[in-house]
Amino acid sequence: MKIFDTLSVAEKELDISDKVRIYLCGVTVYDDSHIGHARTIIVFDTLRRFLESQGIKVEFIQNFTDVDDKIINRARAENVSTDKISSKYIVNYFKEFDNLNVRHADMYPKATEHIGDMINLIKVLIEKNFAYVSTNGVYFSVSKFHEYGKLSKKKTDELVSGARVEIDETKNDPLDFTLWKFANEEPKWESPWGPGRPGWHIECSAMSLKYLGSNFEIHGGGRDLIFPHHENEIAQSESYSGKNFAKIWMHVGMVTINGEKMSKSLGNTKSVDHVLKKWGANIIRLFCLSGHYSKPIDYSEDLLREAITKWRQVENCYYELVLSDDGSAATEDVKLIEETVKETKKEFAEALNSDFNTPLASSAFFKLVKTVNQIASSEHMVSSLSNMILPVFDQMLDILGLKISQVSPEEKIKINELINKRNLLRSQKNFQGADNIRKEISNLGIVLIDHKKKTLWMKQERIVAENS
RNA sequence: GGUGAGGUGGCAGAGCGGCUAUGCGUUCGCCUGCAAAGCGAAUCUAUAGGGGUUCGAAUCCCUUCCUCACCUCCA
């Protein structure tokens with residue numbers, strides 16, 4: 001599989017000789033997550049699902065930043081402990097992302113549980129003369145790391161002249177960044193240099209080095225983390241280990257709204273909670289995967305509505321497959337299906353293997369859906385065909401992280417009873433009665449499909465936004 | 001100002017030297033008792049502008065214009 005690497009500015013072959021180790025920069029738990037966070041996490045969740053579907057072992061780690069000025073500010077504003085804030089938003093995180101059908105990472109390390117690792121790392125950096133102690137804290141000396149800027153393609157002298165760098169008298173160089181910040185108020189930890197708390201960047205270096213080693217396969221995050229966060233991580237980690245850090249740097253594009261980046265500071269966010277209630281996980285996932293991961297994607301209700309239309313086709317397809325009658329198929333249909341299944345599988349995998357092209361992969365998937373619906377519409381769908389399709393269909397659905405609404409066995413019995421009753425009324429030309437039953441069934445979330453020879457049903461996911 | 005990514009039909013979105021995906025939308029039709037869902041057909045004669053290179057360019061080169069992101073915390 002090839003993935004575009006931000007560092008080398010080229011597609012790079014993913015090393016799958018052993019397991020694929022992935023470190024994803026997670027969220028800072030000080031507020032609700034929004035769909036921008038969701039996109040990045042969904043992309044990596046889908047990547048992980050795809051790799052595993054290919055029989056590749058994946059070790060996937062995603063951190064929580066649970067010590068940070070934003071958390072502290074929030075805690076002060078609400079007059080509670082920082083711990084209370086971070087644990088609240090971690091609980092929320094899992095609630096929301098479980099609902100988004102995001103599989104759990106192998107580990108969710110927290111910054112506060114790795115203070116010792118960070119201190120050790122900083123110690124080595126000081127010993128190696130890459131860091132120094134000042135009156136405010138411990139700083140990384142950017143000028144000592146000669147490759148600084150290699151990820152973000154920034155020149156250090158240009159960075160200095162860029163006026164936005166904070167002037168701080170206690171630093172040797174304006175570009176130097178904090179490894180350890182002295183503090184006398186909570187949250188604080190003891191360190192060889194004095195009580196305080198870690199800087200943001202050192203967290204991810206410490207945790208990724210600890211769990212994935214000094215040279216792992218993929219380090220990911222949103223594009224906005226390239227500078228300074230990932231640049232600084234590289235400086236710290238490579239100065240510490242003397243080795244190259246991540247083999248591939250994979251960055252996910254921003255979610256925009258009206259063409260503008262969605263962010264807390266601009267106040268134009270759509271929270272995961274909100275979009276989940278309104279659109280549901282399947283629509284959100286389809287939306288997030290509808291564009292190439294590296295490009296920005298614009299949040300719009302029209303596009304989400306389009307995703308609903310597609311999702312309805314998938315549901316239709318699924319129930320046509322699952323409820324097909326026994327029977328043997330015409331040889332031409334068998335041939336067509338054999339061919340389509342083979343092609344779809346190939347196209348799907350090829351698209352994802354080529355820099356994780358999810359829009360291309362999903363178009364392959366929708367071609368399969370279309371073919372199934374074509375055959376179903378000509379009343380040729382039988383179990384011998386659907387049995388050929390279902391395994392592939394299910395697998396692709398699973399890779400995309402989509403889930404079809406199911407019905408219980410009891411509901412199934414009830415649905416079939418009602419259908420039989422309705423068909424009897426129809427044969428008696430009691431259409432009023434038949435329509436009443438149809439209404440009753442639709443209240444169960446079931447839509448009827450009248451074919452020539454039989455009546456099929458499908459469970460439709462309830463999507464709040466659809467009727468508004 | 002610097003750096004990076006882009007500008008493809010009404011919209012979304014692939015393709016990245018020759019065969020112009022795919023989906024949504026719109027219109028009409030089929031199916032139906034009527035619907036719904038689905039299917040079919042039609043429609044849109046798309047590659048930001050201008051130069052080149054080439055037998056041939058959306059795809060390569062030059063140039064102009066425009067958009068976004070990063071350069072401060074940010075997924």
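Every chain is numbered from 1, with letters handed out A, B, ... down the list of sequences. Only heavy atoms go into these numbers, but all of them, side chains included; no hydrogens, no water, no symmetry mates.
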Tell me the interatomic distance from A/F177, atom CZ, to B/C73, atom C1', rounded to whole angstroms. 16 Å
How many whole angstroms separate atom NE2 of A/H229 from atom P of B/A69? 21 Å
Heavy atoms under 4.0 Å, any strand shown: does A/K429 hit a base, just sugar-phosphate, or nothing? nothing
With a cut-off of under 6.0 Å to the ring centre and 45° to the axis, is A/K247 in cation-pi contact with A/F216? no
Distance-only donor-acceptor test, A/K70 side-chain atoms vs B/C73 base atoms, 3.5 Å: yes
Taking any heavy-atom pair under 4.0 Å as a contact, classify A/R74: base, sugar-phosphate, or nothing. nothing
Are A/E186 and A/R197 close enough for a salt bridge, meaning some N to O gap below 4.0 Å? no
Taking any heavy-atom pair under 4.0 Å as a contact, classify A/M262: base, sugar-phosphate, or nothing. base
Between A/K370 and B/C39, does any side-chain N or O lie under 4.0 Å from OP1 or OP2? yes
Using the P atom on both, measure B/A14 against B/U22 and round to a whole Å. 15 Å
Quick check: any donor-acceptor pair below 3.5 Å linking the side-chain of A/R438 to the base of B/A35? yes
Atom CG of A/N316 and atom C1' of B/C31 are separated, to the nearest Å, by 14 Å
Please give the distance between the C1' atoms of B/U26 and B/C44 as a whole number of Å. 9 Å
Examine the base of B/A35 for any acceptor or donor lying under 3.5 Å from a partner atom in the side chain of A/D450, and report the outcome as yes or no. yes
On RNA chain B, more 5' by nearest nucleotide between A/S294 and A/E379 is A/S294
Euclidean distance for P, B/G1 against B/G49 (whole angstrom): 25 Å
Does the side chain of A/S143 come under 3.5 Å of the side chain of A/D173 through a donor N or O and an acceptor N or O? no
We want to know whether A/N423 and A/R426 form a side-chain donor-acceptor pair, criterion being a heavy-atom distance below 3.5 angstrom. yes
For A/K264 and for A/F431, locate the closest nucleotide of RNA chain B by heavy-atom distance; then report the residue assigned to the nucleotide nearer the 5' terminus. A/F431
From CZ of A/F366 across to P of B/U22 the rounded distance in Å is 15 Å
Would you say the base of B/G33 and the side-chain of A/D435 have a donor-acceptor pair closer than 3.5 Å? yes
Under 4.0 Å between a side-chain N or O of A/N430 and OP1 or OP2 of B/G33? no
Kindly say if A/K453 contacts the phosphate of B/C31, meaning a side-chain N or O under 4.0 Å from OP1 or OP2. no
Touch check for A/Q313, heavy atoms < 4.0 angstrom, all strands: base, sugar-phosphate only, or nothing? sugar-phosphate
Of the listed nucleotides B/A75, B/A37, B/C24, the one nearest the side chain of A/V255: B/A75
Report yes or no: do A/Q406 and A/Y318 form a side-chain donor-acceptor pair below 3.5 Å? yes
At under 4.0 Å, does any side-chain N or O of A/K261 touch on OP1 or OP2 of B/C70? yes
Distance under 6.0 Å and angle within 45° of the ring axis: does A/K459 meet both against A/Y319? no
With rounding to the closest Å, how many angstrom separate the C1' atoms on B/A21 and B/G9? 13 Å
With heavy atoms under 4.0 Å as the rule, sort A/S378 into base, sugar-phosphate or nothing. nothing
Whether the A/S271 and A/H34 side chains hold a donor-acceptor pair (N or O, under 3.5 Å, no angle test) is what I'd like checked. no
So A/L225, base contact, sugar-phosphate only, or nothing? Heavy-atom distance under 4.0 Å. sugar-phosphate
Base, sugar-phosphate, or nothing: which does A/K153 touch, judged by heavy atoms less than 4.0 Å apart? sugar-phosphate
Heavy atoms only, 4.0 Å cut-off, all strands: where does A/G259 land among base, sugar-phosphate and nothing? sugar-phosphate
If the P atom of B/A69 is compared with that of B/G52, how far apart are they to the nearest Å? 35 Å
From the candidates B/C71, B/A75, B/C24, the one with an atom nearest any side-chain atom of A/L159 is B/C71
N/O donor-acceptor pair, side chain A/R305 with base B/C11, under 3.5 angstrom: no
Side chain of A/P359, heavy atoms from C-beta onward: which of B/G13, B/C34, B/G15 has the nearest atom to it? B/G13
Base, sugar-phosphate or nothing for A/K155? Non-hydrogen atoms, less than 4.0 Å. nothing
Counting heavy atoms from C-beta on, name the nucleotide in B/G2, B/G38, B/A75 closest to the side chain of A/H34. B/A75
A/L360 has its side chain closest, among B/G38, B/A75, B/A21, to B/A21
Measuring from the side chain of A/M254 (C-beta onward, heavy atoms only), which nucleotide among B/A75, B/C73, B/C70 has the closest atom? B/A75
Assign A/L303 to base, sugar-phosphate, or nothing according to its heavy-atom contacts below 4.0 angstrom with the strands shown. sugar-phosphate
Euclidean distance, atom NZ of residue A/K310 to atom P of B/G25 [Å, nearest integer]: 10 Å
When you get a sec, tell me which of B/G38, B/A75, B/C24 is the closest nucleotide to the side chain of A/N373? B/G38
With heavy atoms under 4.0 Å as the rule, sort A/S363 into base, sugar-phosphate or nothing. base
Could you tell me the separation between the CD1 atom of A/I283 and the P atom of B/G23, rounded to a whole number of Å? 18 Å
I want to verify a distance call: between B/A14, B/G23, B/C73, whose nearest atom is closest to the A/E306 side chain? B/G23
Just how far, in rounded Å, is C1' of B/C16 from CZ of A/F4? 14 Å
To the side chain of A/V9, which of B/A5, B/A69, B/G23 is closest? B/A5
A/D302 CG to B/G23 P, straight-line distance once rounded to whole Å: 19 Å
By the 4.0 Å heavy-atom rule, please label A/R39 as base, sugar-phosphate, or nothing. nothing
B/G15 and B/G6, which share atom name P, separated by this distance in whole Å: 11 Å
Nearest-angstrom distance, C1' atom, B/U53 to B/C61: 7 Å
From B/G33, B/G15, B/C71, pick the nucleotide closest to the side chain of A/R422? B/G33
Salt bridge between A/D450 and A/R422, side-chain N to carboxylate O under 4.0 Å? yes
With sugar-phosphate meaning primed atoms plus P, OP1 and OP2, does A/H292 contact a base, only sugar-phosphate, or nothing at under 4.0 Å between heavy atoms? sugar-phosphate
When both distances are under 3.5 Å in a Watson-Crick or G-U wobble arrangement, the nucleotide paired with B/G17 is none
B/G25 pairs with, by Watson-Crick or G-U criteria that keep both distances under 3.5 Å: B/U43
Taking atom C1' in both B/A41 and B/U47, what distance in whole Å separates the two? 26 Å
Watson-Crick or G-U counterpart of B/G1, or none if no pair lies under 3.5 Å: B/C71
Contact class for A/L456 (heavy atom, under 4.0 Å): base, sugar-phosphate, or nothing? nothing
Note: A/K150-A/E147 ion pair, threshold 4.0 Å (strictly below): yes
Pair A/D68, A/T65: side-chain N/O donor-acceptor within cut-off below 3.5 Å: no
